[in-house]
Visitor: 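Here it is: the structure, laid out below.
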Amino acid sequence: MPWDLKPDRPIYTQLIEQIELMIISGIYPAGGKLPSVRDMAAEAAVNPNTMQRALSALESSGLLYSQRTSGRFVTKDAEKIAEVKQNFASDVIREFIDKMDRLGYTRTQVSSLLNDFLKEEGQNGKCR
């Protein structure tokens with residue numbers, strides 16, 4: 001998954017979000033070891049100190065943990081990962097609803113549009 005950093009928001013915040021997304025999508029699996037700070041910073045084309053700050057924040061939140069000589073790992077706590085995933089979903093839905101409000105749709109119209117869209121796409125249990 002390529003790093004998608006935009007100039008309109010703080011890099012540190014975007015790094016946290018993108019690492020969370022990599023965790024909930026399984027790119028960095030539960031219990032898995034993360035690359036080194038320098039490797040991740042080079043891959044994202046950011047300053048290693050900025051990456052370190054983002055990883056420390058994720059450690060403070062409980063999503064990552066460190067082992068002194070082995071590096072950083074993703075938590076094995078499935079509930080914590082599910083919580084982060086739920087928060088991401090809520091944010092996406094909130095953003096969608098806000099945009100639909102700006103377009104002038106009512107909640108009923110949004111629901112109807114969404115149902116129609118899912119039927120047309122052939123709801124197979126997973127979004128694409």
Side-chain angles (χ1 to χ4, degrees):
M1 172 181 222
W3 295 86
D4 183 25
L5 304 173
K6 303 202 177 350
D8 62 337
R9 295 180 40 235
I11 299 298
Y12 158 79
T13 305
Q14 292 181 70
L15 290 173
I16 291 171
E17 290 169 355
Q18 294 207 9
I19 294 166
E20 286 176 335
L21 188 56
M22 289 179 199
I23 291 169
I24 62 177
S25 67
I27 292 171
Y28 296 142
K33 186 176 186 315
L34 265 61
S36 72
V37 172
R38 290 202 181 277
D39 288 346
M40 290 179 75
E43 184 181 319
V46 299
N47 184 301
N49 292 328
T50 305
M51 183 61 75
Q52 173 64 36
R53 187 172 162 219
L55 293 170
S56 292
L58 289 168
E59 226 176 291
S60 294
S61 76
L63 199 56
L64 301 179
Y65 67 94
S66 290
Q67 288 186 339
R68 186 172 287 200
T69 58
S70 302
R72 277 196 176 92
F73 296 82
V74 176
T75 183
K76 294 176 185 172
D77 183 352
E79 287 181 27
K80 179 66 180 174
I81 294 171
E83 176 188 325
V84 172
K85 188 173 187 174
Q86 179 62 43
N87 290 340
F88 253 89
S90 294
D91 290 345
V92 169
I93 292 167
R94 195 171 298 111
E95 185 178 323
F96 171 73
I97 295 296
D98 287 346
K99 287 181 180 178
M100 296 306 280
D101 280 345
R102 282 181 267 162
L103 289 171
Y105 286 97
T106 66
R107 296 293 191 267
T108 303
Q109 290 170 321
V110 170
S111 180
S112 179
L113 284 169
L114 196 51
N115 284 329
D116 291 346
F117 179 83
L118 291 172
K119 285 178 189 171
E120 286 177 23
E121 291 293 309
Q123 196 173 10
N124 62 3
K126 190 170 184 179
C127 295
R128 46 177 197 158

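Every heavy atom of this structure was used, including side-chain atoms; hydrogens, water molecules and symmetry mates were not.
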Visitor: List in chain and number order the residues that pass side chain to side chain contact (heavy atoms under 4.5 Å, CB included) with T106, two or more places apart in sequence or in another chain; answer none if no residue qualifies.
Guide: T108, Q109
Visitor: Counting neighbours of NZ on K80 that are heavy atoms of other residues, nucleotides or ligands and sit closer than 6.0 Å, is the number greater than 12?
Guide: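 Counting neighbours around NZ of K80, more than 12 heavy atoms of other residues, nucleotides or ligands fall under 6.0 Å, so yes.
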Visitor: Check the pair L21 / F88 against side-chain contact (heavy atoms from CB on, under 4.5 Å), numbers first and verdict last.
Guide: CA-CA 8 Å; L21 188 56; F88 253 89; 4.1 Å; yes
Visitor: Before accepting this row, confirm whether a basic side-chain N of the pair E17/R9 lies closer than 4.0 Å to the acidic partner's carboxylate O.
Guide: yes
Visitor: Measure across L15 and A54 and return the closest heavy-atom pair with its distance rounded to 0.1 Å.
Guide: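 That closest heavy-atom pairing would be CB-CB, 3.8 Å.
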Visitor: So how far is it from K119 NZ to L114 CG, rounded to the nearest 0.5 Å?
Guide: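 Here the interatomic distance stands at 11.0 Å.
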Visitor: Between A57 and Y12, which heavy-atom pair has the shortest distance, and what is it?
Guide: CB-OH, 3.4 Å
Visitor: Distance check, rounded to the nearest 0.5 Å: L103 atom CG versus D98 atom CG?
Guide: 11.0 Å
Visitor: Around E79, counting heavy atoms of other residues, nucleotides and ligands shown, do more than 12 lie under 6.0 Å from its CD?
Guide: no
Visitor: Return the minimal non-hydrogen interatomic distance between A41 and P48, and the atom names on each side.
Guide: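 So the minimum-distance heavy-atom pair works out to CB-CA, 3.6 Å.
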Visitor: I need the Q14 CD to L5 CG distance, nearest 0.5 Å.
Guide: 5.0 Å
Visitor: Please say which of I81, L58, I23 ends up in a side chain to side chain contact (heavy atoms under 4.5 Å, CB included) with T75.
Guide: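 Of the listed residues I81, L58, I23, the side chain to side chain contact (heavy atoms under 4.5 Å, CB included) partner of T75 is I81.
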Visitor: If only atom types and distance count, is the side chain of Q67 paired as donor or acceptor with the main-chain N or O of R72 below 3.5 Å?
Guide: no
Visitor: Can you list the residues that meet the side chain to side chain contact (heavy atoms under 4.5 Å, CB included) rule with I97, with sequence neighbours excluded?
Guide: I93, D101, R107, V110
Visitor: What about L63 and F73, same hydrophobic cluster or not, with Ile/Leu/Val/Met/Phe/Trp/Tyr joined at side-chain heavy-atom distances under 4.5 Å?
Guide: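 No, no single cluster joins them.
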Visitor: List the atom of V74, the atom of P29, and the distance in Å for their closest heavy-atom pair.
Guide: CB-O, 3.4 Å
Visitor: Tell me, yes or no, whether the heavy-atom count around Y105 atom OH, taken from other residues, nucleotides or ligands under 6.0 Å, exceeds 12.
Guide: no
Visitor: side-chain contact (heavy atoms from CB on, under 4.5 Å), that's the test. Do L55 and M40 meet it? Break it down for me.
Guide: CA-CA 10 Å; L55 293 170; M40 290 179 75; 4.2 Å; yes
Visitor: At their closest point, which heavy atom of A44 faces which heavy atom of W3, and how far apart are they?
Guide: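 Shortest heavy-atom contact: CB-CD2, 3.4 Å.
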Visitor: Between D39 (side chain only) and P35 (backbone N and O only), is there a donor and an acceptor less than 3.5 Å apart?
Guide: no
Visitor: Same cluster or not: are I27 and V37 linked, directly or through other Ile, Leu, Val, Met, Phe, Trp or Tyr residues, by side-chain heavy atoms under 4.5 angstrom apart?
Guide: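 I27 and V37: one cluster.
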Visitor: When rounded to the nearest 0.5 angstrom, what is the spacing between CD1 in I19 and CG in L64?
Guide: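 Going from the CD1 atom of I19 to the CG atom of L64 covers 7.0 Å.
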Visitor: Would you tell me whether S56 and Q52 have side-chain atoms, one donor and one acceptor, within less than 3.5 Å of each other?
Guide: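 A pair is found: one side chain offers a donor N or O, the other an acceptor, under 3.5 Å apart.
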Visitor: Can you tell if the side chain of E20 reaches within under 4.5 Å of the side chain of N87, non-hydrogen atoms only?
Guide: no
Visitor: Which pair of heavy atoms, one from V46 and one from M51, lies closest together, and at what distance?
Guide: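 Here V46 and M51 meet closest at CG2-CE, 4.1 Å.
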Visitor: Working to the nearest 0.5 Å, report the span between NZ of K33 and OG of S70.
Guide: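 Answer for the NZ-OG pair, K33 versus S70, is 7.0 Å.
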Visitor: How long is the gap from CZ on R53 to CG on N47, to the nearest 0.5 Å?
Guide: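 Reported to 0.5 Å precision, the distance equals 11.0 Å.
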